[in-house]
S.K.: 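The following block contains the structure, expressed as structure tokens.
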Amino acid sequence: MHLGQLPLTLLVLMLRGTSETCISRPHINAVEGEPFFLKYCPLSPVHEPSTTKWFKTSESDEKVELRSSSSPRITLHDYVLEFWPVELDDSGSYVFQRGNDTHGWKLNVITRSKHSCFTEKQVTSKTVEVGKALQVDCSHSYYQDLVHRTALYKNCEKIENNKNPSLKKNAEFKDQGYYTCMFFLHHNGKLFNVTSTYNITIVEDRSTIIPAILGPKINHVEVELGTDVQLNCSAWLNEKDYVYWSFHRKDGQDPNEHEGEEIKIRTSEGKWQASRILRIENINEKNLNFSYNCTVSSDKGPDTKHFILVTKDGKTYDAFVSYLKGCGPAHGAERAFAVEVLPRVLEEHFGYKLCIFERDVAPGGAVVDEIHSLIEQSRRLIIVLSTSYMLNEVRYELESGLHEALVERKIKIILIEFTPVSDFTFLPQSLQLLKSHRVLKWKADKSLPYNSRFWKSLLYLMPAKPVQPRSGECEAEPVLAHGSSP
Ligand SMILES: *[C@@H]1O[C@H](CO)[C@@H](O)[C@H](O)[C@H]1NC(C)=O
Ligand SMILES: *[C@@H]1O[C@H](CO)[C@@H](O)[C@H](O)[C@H]1NC(C)=O
Ligand SMILES: *[C@@H]1O[C@H](CO)[C@@H](O)[C@H](O)[C@H]1NC(C)=O
Ligand SMILES: *[C@@H]1O[C@H](CO)[C@@H](O)[C@H](O)[C@H]1NC(C)=O
């Protein structure tokens with residue numbers, strides 16, 4: 001909108017306290033139906049009294065002198081011509097004359113909008129940077145004494161209604177919109193209203209910031225071997241800046257390290273924030289005490305933070321072994337596998353520590369609670385699966401472990417199919433979420449040697465261990481206990 005066409009009321013809206021109500025601009029817009037005035041201000045102080053005259057020139061170039069009696073809507077006093085209210089046919093040229101002093105205006109009366117609380121042609125556009133002060137102060141420099149009530153609207157919805165409504169806040173993007181002050185005033189027993197509308201656009205903060213990664217310079221993250229961790233790097237930055245992780249080593253990157261996508265958001269205050277995850281799965285020794293560096297790159301210079309994984313005093317057991325404890329001859333082999341073969345290989349040969357309820361827990365006590373806490377103290381839950389497994393009370397172990405695994409994401413489950421299970425449908429549905437490679441098939445004698453595919457796969461799923469196979473144990477195979485059939 002052309003500034004020269006702004007009505008006075010709009011100009012003073014945010015300049016409260018100004019007493020300057022003279023209108024010297026030659027082109028003036030007014031809205032049909034609203035009170036309106038033209039005021040002349042003498043350039044130099046007036047000393048001798050002199051008569052003042054107002055003229056209107058209509059389209060036919062006819063110059064008519066205006067008097068208060070010309071129209072019930074017109075009031076003349078001193079240097080002011082008032083319209084109560086101004087109407088479409090008041091458009092035209094107006095001239096004020098006092099002695100040799102004259103001043104002219106061209107008035108354009110705009111049709112009132114029927115569907116809106118303001119008239120689109122009569123708005124003042126204003127741009128505010130997000131985060132900076134946004135102020136709308138409804139006071140009227142000319143009519144203020146006559147105003148008995150003022151309402152402030154945003155997009156034609158009333159947001160405040162009293163004598164001097166105002167809005168003062170730090171601009172947010174959602175503040176964008178049309179703000180209309182509507183002044184209600186009485187004149188000669190009639191109620192009128194005058195509007196002033198601002199078209200406020202909220203723009204981005206044009207200043208650039210020095211980017212900064214959140215949190216301390218060096219972060220020690222406590223982890224357990226064999227578990228997963230997500231390092232979350234977040235930074236305040238500028239729109240063009242970006243965040244990345246450095247985790248490559250001379251010998252290439254560890255395959256268990258995965259950098260996520262950068263996620264960038266703009267807060268309602270207009271600030272940019274980015275975050276990027278580095279996910280390390282099945283943490284091994286190589287991942288410990290290594291500096292994972294997160295950097296925000298920017299024209300304003302980089303900022304880097306370091307993340308170092310350290311072990312905490314971790315879980316008591318590497319794995320909790322769940323198996324069918326039935327004593328019947330049909331289940332003897334499963335039991336022997338769980339309480340003899342697994343410990344002999346995983347504990348004695350590969351140095352893991354297992355929790356086997358029958359072996360490690362004294363009889364008696366609150367079994368259910370105890371199982372739950374033992375599973376919690378274990379990094380893996382190994383389930384020795386057979387068709388009869390689910391029919392037994394061990395089901396509790398399965399469900400407790402499943403809960404930890406799937407809901408709390410604390411433990412990983414390893415399924416060992418000890419005897420061929422033809423029908424997996426008896427398993428809880430949640431087990432179907434497990435990756436199929438976590439189901440290992442035990443193939444009796446074929447699986448027995450330490451270097452069999454079975455143990456290799458199992459070790460892969462077990463928490464990473466720095467410990468090498470024990471020397472001095474040179475037997476090629478763990479033997480099943482006497483009395484149990486393979
Ligand atoms: C303001 O005045 C106009 C013209 O008299 C009228 O049509 C309109 O309804 C009034 N608005 C309000 C909110 O009273
Ligand atoms: C209000 O401002 C916006 C953004 O600057 C502009 O696109 C729109 O045309 C303006 N509306 C009016 C009625 O001037
Ligand atoms: C990373 O941290 C930021 C900032 O605290 C947060 O907004 C974001 O959601 C986090 N990301 C994840 C995946 O937790
Ligand atoms: C991380 O930063 C440290 C200190 O600048 C440096 O010694 C280390 O090599 C960096 N690590 C990577 C993976 O770039």
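When a ligand or atom number is given, it counts from 1 through the structure's own listing order. Since the structure is predicted, the reported quantities are computational estimates derived from the model, not experimental observations.
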S.K.: Filter on side-chain hydrogen bond (donor to acceptor under 3.5 Å, both in side chains), then keep only pairs touching residues 229-242, sequence neighbours left out; what's left?
M.R.: Asn232-Ser234, Asn238-Asp241, Asp241-Ser298
S.K.: Is the closest N or O pair between Ser291 and ligand 4 shorter than 3.5 Å?
M.R.: yes
S.K.: Taking Asp318 first and then Arg379, would you say they form a salt bridge - that is, a charged N and a carboxylate O separated by under 4.0 Å?
M.R.: yes
S.K.: Heavy-atom cut-off of under 4.0 Å around ligand 2: list whichever protein residues fall inside it, by chain and number.
M.R.: Glu120, Val123, Tyr178, Asn199, Thr201
S.K.: With a cut-off of 4.0 Å, which atoms of ligand 4 are near a heavy atom of Ser246?
M.R.: 13 (C), 14 (O)
S.K.: Show your working on salt bridge (Lys or Arg N to Asp or Glu O under 4.0 Å) between Lys286 and Glu257 and close with a plain yes or no.
M.R.: CA-CA 11 Å; Lys286 250 178 110 183; Glu257 296 161 342; over 6 Å; no
S.K.: Short N/O distance, under 3.5 Å, between His248 and ligand 4?
M.R.: no
S.K.: May I ask you to identify, for Tyr292, whether its side chain, its backbone, both or neither come under 4.0 Å of ligand 4 on a heavy-atom basis?
M.R.: neither
S.K.: For residues Trp455 and Tyr450, establish whether the separation of their ring centroids is below 6.0 Å.
M.R.: no
S.K.: Can you see whether Phe83 has Arg73 sitting over its ring - NZ or CZ less than 6.0 Å from the centre and within 45° of the normal?
M.R.: no
S.K.: For ligand 3, which part of Ile277 has a heavy atom less than 4.0 Å away: the side chain, the backbone, both, or neither?
M.R.: side chain
S.K.: Cation over ring, Lys39 on Tyr79, under 6.0 Å and within 45°?
M.R.: no
S.K.: Can you spot which of Tyr94, Phe96, Tyr40 makes a ring-ring contact (aromatic ring centres under 6.0 Å, His included) with His103?
M.R.: Tyr40
S.K.: Could you see which bit of His306 sits under 4.0 Å from ligand 4, with heavy atoms only: side chain, backbone, both or neither?
M.R.: side chain
S.K.: Is Arg149 close enough and on-axis enough to Phe183, meaning under 6.0 Å and within 45°, for cation-pi?
M.R.: no
